[in-house]
Amino acid sequence: DYALYYAKAHRRGAAILFTEEHETRLRTQSVIEQALRHADLDGEFSLMFQPLVDVATGRTVAFEALARWTSPALGPVSPAVFIPIAERSGQINRITEVLLAKALAAVHAWPDPVALSFNLSMADIASPQAVARVVAIIRDSGVPPRRIDLEATETALIRDFAQAQGVLAALKALGVGIALDDFGTGFSSLSYVHRLPIDKLKIDRSFTSEVVHDQACRDIVKSIIDLSRNLKLACVVEGIETEEQARLLESLGCFIMQGYHFHRPMGFSDTLRYLEGQSTSAGPRIQAVA
Ligand code: C2E
Ligand code: MG
Ligand code: MG
Ligand code: MG
């Protein structure tokens with residue numbers, strides 16, 4: 001299966017590490033792990049929100065919450081760095097709990113039906129206790145579950161497939177939507193996607209950057225979009241940075257888009273100003289082809 005092979009090769013290329021770099025990385029990791037251990041979660045962690053835009057209507061349908069950490073000792077640390085470390089050192093659950101509650105508070109301020117998309121880690125769905133806490137936080141928030149999407153990566157879900165099926169079923173029973181994040185970068189996408197109770201595929205940003213120049217990549221993205229349609233799943237493409245990418249993805253049949261071309265992640269108060277601007281205009285609709 002070429003699509004599958006391509007996705008794997010794609011991933012492998014990005015994962016090459018040199019020994020020296022690897023060593024520096026290990027040292028850095030333990031420093032970050034220590035700082036995380038002593039972090040004041042309420043004070044040092046915050047969220048940015050990035051809109052998901054429906055280009056067919058120009059409306060923002062949701063915001064994805066993205067974690068930000070400014071450590072007093074280390075300065076700003078990217079979530080791409082600290083989330084995997086927090087996962088490995090068993091600290092992700094309490095971070096999730098604090099951030100999920102913060103993110104849900106934001107939803108109350110947004111007009112219905114603008115939704116929240118929130119990233120869950122492997123550890124957040126790895127035990128019944130962890131899932132129960134996520135469910136409790138959602139219940140306590142009073143936010144209607146139909147306005148909540150939970151994002152999980154394929155890697156997180158296929159680690160223990162049977163377990164993941166059960167967890168997702170429990171979350172779906174609550175009424176939240178489930179999105180499969182970074183789709184296409186994992187290892188066996190096509191073989192299991194129809195067996196998971198998910199609602200949405202998020203096509204990984206690594207495809208978006210190449211789709212304009214690479215015919216093979218375009219074919220893969222097209223087949224993912226067709227797959228989502230056949231399975232009656234919503235489809236989101238992330239990392240849209242140019243008008244050209246947006247137009248191409250629209251022509252391939254994906255209408256929900258996220259990326260710097262529409263808006264960079266913004267603070268909570270900016271989401272309110274941004275939504276106000278939308279109610280008086282058509283929003284960041286894609287320009288018609290000249
Ligand atoms: P993700 O869930 O795939 O989130 C999308 C990432 O792409 C975000 O990076 C976002 O800022 C970035 N992005 C969005 N549009 C563009 C674009 O047009 N161009 C480029 N180059 N990048 C774009 P960020 O905020 O650094 O987050 C990185 C990853 O960290 C996330 O990837 C997610 O896997 C993880 N993450 C972030 N916040 C959380 C969280 O609260 N919980 C968990 N478990 N993971 C999180
Ligand atoms: Mg995500
Ligand atoms: Mg993503
Ligand atoms: Mg991604």
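Atoms considered below: every heavy atom in the structure, side chains included; atoms not considered: hydrogens, waters and symmetry mates. Ligands are counted one by one from 1 in listed order, and the atoms in each one are counted from 1 as well. Predicted model only: the values in this text are computed from it and were never measured.
Ranked by closest heavy atom to atom 7 (O) of ligand 1, the top entry among H263, Q245, R205, H261 is R205. When the heavy-atom distances from atom 25 (O) of ligand 1 to R68, M48, Q50 are ranked, the shortest goes to R68. Between A123, G239, P79, it is P79 that holds the heavy atom closest to atom 36 (N) of ligand 1. The closest heavy-atom contact to atom 43 (C) of ligand 1, among the options N119, L66, I95, comes from N119.
Minimum-distance N/O/S atom of D181 relative to the Mg ion (ligand 3): OD1. When distances from the Mg ion (ligand 3) to the N, O or S atoms of E238 are compared, OE1 comes out shortest. Nearest to the Mg ion (ligand 3), among the N, O or S atoms that D182 has, is OD1. Its N, O or S atom nearest to the Mg ion (ligand 2) is what matters here, and for E64 that atom is OE2.
Cation-pi contact between R264 and Y260: present, with separation from the ring centre below 6.0 Å and deviation from the ring axis of at most 45°.
No donor-acceptor distance shorter than 3.5 angstrom exists from the side chain of S121 to the backbone of A123, with no hydrogens or angles considered.
Of the charged side-chain nitrogens involved, none lies within less than 4.0 Å of a carboxylate oxygen, so that K202 and D182 do not count as a salt-bridged pair. Ionic pairing of D199 and K172 is present here: one or more N-O contacts between side-chain nitrogen and carboxylate oxygen are shorter than 4.0 angstrom. Using a cutoff of 4.0 Å between basic side-chain nitrogens and carboxylate oxygens, D226 and K222 are scored as salt-bridged.
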| task | Starting from the C-alpha separation in whole Å, work towards a yes-or-no answer on side-chain hydrogen bond (donor to acceptor under 3.5 Å, both in side chains) for Q215 and D219. | result | CA-CA 6 Å; Q215 178 65 45; D219 292 343; 2.9 Å; yes
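In this structure, a donor-acceptor pair under 3.5 Å is absent between the side chains of R205 and Q258. Counting only N and O atoms by type, the side chains of H261 and Q245 include no donor and acceptor under 3.5 Å apart.
I256 and V114 fall into different hydrophobic clusters, defined by Ile, Leu, Val, Met, Phe, Trp and Tyr side-chain heavy atoms under 4.5 Å apart, directly or through other members.
Atoms of ligand 1 lying under 4.0 Å from at least one heavy atom of E238, given by number and element, are 3 (O). Atoms of ligand 1 found under 4.0 Å from any heavy atom of A67 (numbered from 1 in listed order, with element): 37 (C), 38 (N), 39 (C), 40 (C), 41 (O). Less than 4.0 angstrom separates some heavy atom of E241 from each of these atoms of ligand 1: 17 (C), 18 (O), 19 (N), 20 (C), 21 (N). Near I240, meaning under 4.0 Å from one of its heavy atoms, ligand 1 places the atoms 18 (O).
Considering L171, V135, L116 as possible partners of V176, the one that fulfils the side chain to side chain contact (heavy atoms under 4.5 Å, CB included) test is L171. Remark: of the listed residues L168, T153, V193, V193 is the sole one forming a side chain to side chain contact (heavy atoms under 4.5 Å, CB included) with L180.
For S117, every N, O or S atom stays at 2.8 Å or more from the Mg ion (ligand 2). The Mg ion (ligand 3) does not have E151 among its coordinating residues (no N/O/S atom, backbone or side chain, under 2.8 Å).
On a distance-only criterion, D182 and ligand 1 share at least one N/O pair closer than 3.5 Å. Considering both main-chain and side-chain atoms, D181 comes within under 3.5 Å of ligand 1 through a nitrogen or oxygen pair.
Contacts with ligand 1 closer than 4.0 Å are made by side-chain heavy atoms of P265 only, the backbone lying farther away. Only the side chain of E64 comes within contact range of ligand 1, with a heavy atom under 4.0 Å; no backbone atom does.
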